[in-house]
Colleague: 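Below is a structure I'd like to ask you about.
Values in this document were obtained by computation on a predicted structure and should not be read as measured data. A, B, ... follow the sequence lines: proteins, then strands. Residue 1 opens every chain.
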Protein chains: 2
Amino acid sequence: MVTNGQTWVRGDLFDPNCATRVILDRIGDKWTALVVLRLKDGPRRFTELRDGIGQVAPKVLTQTLRRLERDGLVTREIFAEVPPRVVYALTPMGESLIEPITAVSNWAEEHVPAITRAQEKYDASA
Amino acid sequence: MVTNGQTWVRGDLFDPNCATRVILDRIGDKWTALVVLRLKDGPRRFTELRDGIGQVAPKVLTQTLRRLERDGLVTREIFAEVPPRVVYALTPMGESLIEPITAVSNWAEEHVPAITRAQEKYDASA
DNA sequence: GCTATAAGTACCTTATGGTTACTAATGGCC
DNA sequence: GGCCATTAGTAACCATAAGGTACTTATAGC
């Protein structure tokens with residue numbers, strides 16, 4: 001596997017110190033995927049995100065957005081107005097994440113009926 | 001969107017009660033993806049999984065496996081021996097999850113350098 | 001002066017995750 | 001015969017993260 005000219009050996013995903021695993025952990029957290037999918041259709045203000053993502057607590061949304069900003073997946077633009085206006089947008093790297101996340105999301109959607117059936121069967125036998 | 005002949009309306013992923021979101025949440029938890037990727041190469045015993053996934057606590061591994069079993073993604077086969085032997089394996093539905101999970105995992109792997117750079121830049125300016 | 005507004009932060013409570021120790025049942029070893 | 005090792009967990013406890021609600025800052029409009 002080669003990334004921009006530099007040899008890049010596939011790390012051991014199962015090693016707790018593996019960088020890939022740390023990132024996978026981040027992406028897979030409770031809100032990150034939802035925020036990225038929300039920003040897919042264009043930049044959004046803090047309140048729009050907060051109200052648009054089934055009642056996420058502001059504290060948690062802030063944390064999630066700060067992490068995304070730190071990871072270079074989202075930009076945060078502050079307008080010096082009163083009341084304040086802060087606009088979040090995906091970076092190109094953030095946009096590149098939409099495809100894999102959508103793949104997982106679509107998988108989930110397609111398998112809702114089968115999973116629900118499996119759960120009912122499991123619960124009935126227990 | 002149509003799934004096996006039945007009309008299936010794309011739910012609102014941003015609604016906290018959306019079934020898709022619940023499943024997405026499950027998939028994205030800390031260990032599920034790792035367990036599925038571990039089982040990709042064939043059935044494994046409890047201890048093999050525990051030792052193979054960078055020191056996951058047994059309690060948490062049990063929880064993860066029980067959820068996967070309940071969701072119909074993994075089978076659990078107990079052999080009445082002493083000491084006991086329990087073998088976990090992916091169901092066909094579990095196998096179908098490998099592809100989207102791998103997509104996310106590959107994305108993470110490819111972007112490790114860029115994310116690391118972004119983090120360093122962010123931390124330096126703060 | 002009073003109120004509304006946006007984007008948070010502070011503080012407290014609850015849920016989840018993590019750690020370590022312990023258990024059941026039997027075969028092999030001394 | 002008694003003792004230890006082995007596997008797949010469970011139990012009890014503690015740490016961390018998430019969730020909920022209240023508060024803050026600064027200014028424009030009434």
Colleague: From the options dG19(D), dT10(D), dA25(C), select the nucleotide whose nearest atom is closest to the side chain of Val60(A).
Modeller: dG19(D)
Colleague: What's the CZ-C1' distance between Phe46(A) and dG8(C), to the nearest Å?
Modeller: 6 Å
Colleague: Nearest to the side chain of Val86(B), heavy atoms from C-beta on, is which of dG18(C), dT21(D), dG9(D)?
Modeller: dG9(D)
Colleague: Tell me: CG of Asp25(B) to P of dA18(D), nearest whole Å?
Modeller: 11 Å
Colleague: Any chance CD of Glu99(B) has more than 12 other-residue heavy atoms, nucleotides or ligands included, within less than 6.0 Å?
Modeller: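 For Glu99(B), atom CD is not crowded (no more than 12 foreign heavy atoms under 6.0 Å).
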Colleague: For Thr47(B) and for Arg67(A), find the nucleotide of DNA chain D with the closest heavy atom, then tell me which residue's nucleotide is more 5'.
Modeller: Thr47(B)
Colleague: Does dG9(D) have OP1 or OP2 sitting under 4.0 Å from an N or O in the side chain of Tyr88(B)?
Modeller: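 Yes.
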Colleague: Determine whether Met93(B) and Leu97(B) fall in the same hydrophobic cluster, where Ile, Leu, Val, Met, Phe, Trp and Tyr are linked whenever their side-chain heavy atoms lie under 4.5 Å apart.
Modeller: yes
Colleague: Closer than 4.0 Å, any side-chain N/O of Arg45(A) to the OP1 or OP2 of dG8(C)?
Modeller: no
Colleague: When you measure from the side-chain N and O atoms of Trp31(B) to the phosphate of dG18(C), is any distance below 4.0 Å, counting only OP1 and OP2?
Modeller: yes
Colleague: Write down the distance between CG (Asp29(B)) and P (dA15(C)), rounded to a whole number of angstrom.
Modeller: 18 Å
Colleague: What's the angle between the local helix axes at either end of the helix from dG1(C)-dC30(D) to dC30(C)-dG1(D), using five pairs per end and rounding to 10 degrees?
Modeller: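 The value is 20°.
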Colleague: Would Tyr122(A) and Val35(B) show up in the same hydrophobic cluster when neighbours are defined by side-chain heavy atoms closer than 4.5 Å?
Modeller: no
Colleague: Using the six-membered ring of Phe79(A), assess whether NZ or CZ of Arg85(A) lies under 6.0 Å from its centre and within 45 degrees of the ring axis.
Modeller: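 Arg85(A) over Phe79(A) ring: yes.
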Colleague: Look at all strands and tell whether Lys30(A) reaches a base, only sugar-phosphate, or nothing, counting heavy atoms closer than 4.0 Å.
Modeller: sugar-phosphate
Colleague: To the nearest Å, how far apart are Glu48(B) CD and dT6(D) P?
Modeller: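 Atom CD in Glu48(B) sits about 16 Å away from atom P in dT6(D).
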Colleague: Rounded off to whole Å, could you give me the CG-to-P distance for the Leu61(B) and dT7(D) pair?
Modeller: 15 Å
Colleague: On the nucleotide dA25(C), are OP1 or OP2 found under 4.0 Å from the side-chain N or O atoms that Arg85(B) carries?
Modeller: no
Colleague: Side chain of Arg66(A) only, please: which of dT26(C), dG9(D), dG8(C) is the nearest?
Modeller: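 Of dT26(C), dG9(D), dG8(C), dG8(C) is nearest to the side chain of Arg66(A).
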Colleague: Quick one: the side chain of Lys59(B) and the base of dG18(C), do they pair up donor-acceptor inside 3.5 Å?
Modeller: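 In this structure, the two groups form a donor-acceptor pair.
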Colleague: Give Glu81(B) one of three labels, base, sugar-phosphate or nothing, depending on what nucleic acid heavy atoms sit under 4.0 Å from its own.
Modeller: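 Contact class for Glu81(B): none.
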Colleague: Does Arg38(B) qualify as a cation-pi partner of Phe14(A), given the criterion of NZ or CZ under 6.0 Å from the six-membered ring centre and within 45 degrees of its axis?
Modeller: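 Here Arg38(B) passes the 6.0 Å and 45° test against Phe14(A).
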Colleague: Using a heavy-atom cut-off of 4.0 Å across all strands, would you classify Phe79(B) as base, sugar-phosphate, or nothing?
Modeller: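 Counting heavy atoms under 4.0 Å across all strands, no contact is made by Phe79(B).
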Colleague: May I ask whether Val104(B) and Ile98(A) are part of the same hydrophobic cluster, defined by side-chain heavy atoms of I, L, V, M, F, W, Y residues being less than 4.5 angstrom apart, directly or through others?
Modeller: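 In one cluster with Val104(B): Ile98(A), yes.
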Colleague: Side-chain heavy atoms nearer than 4.5 Å, only ILVMFWY residues, links allowed to pass through others: does that put Ile78(B) and Val82(B) together?
Modeller: no
Colleague: If you only use heavy atoms from C-beta on, which nucleotide in dT26(C), dT20(C), dA7(C) is closest to the side chain of Pro84(A)?
Modeller: dA7(C)
Colleague: Roughly how many Å is it from CZ in Arg50(B) to C1' in dT10(D), rounded to a whole number?
Modeller: 14 Å
Colleague: In whole Å, I'd like the distance from the CD atom of Gln63(B) to the P atom of dA11(D).
Modeller: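 Going from Gln63(B) (CD) to dA11(D) (P), I get 12 Å.
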Colleague: In whole angstrom, what separates Arg44(A)'s CZ from dA6(C)'s C1'?
Modeller: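 From Arg44(A) CZ to dA6(C) C1': 17 Å.
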Colleague: Counting neighbours of CD on Gln63(B) that are heavy atoms of other residues, nucleotides or ligands and sit closer than 6.0 Å, is the number greater than 12?
Modeller: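 Enclosed: over 12 neighbouring heavy atoms sit under 6.0 Å from CD of Gln63(B).
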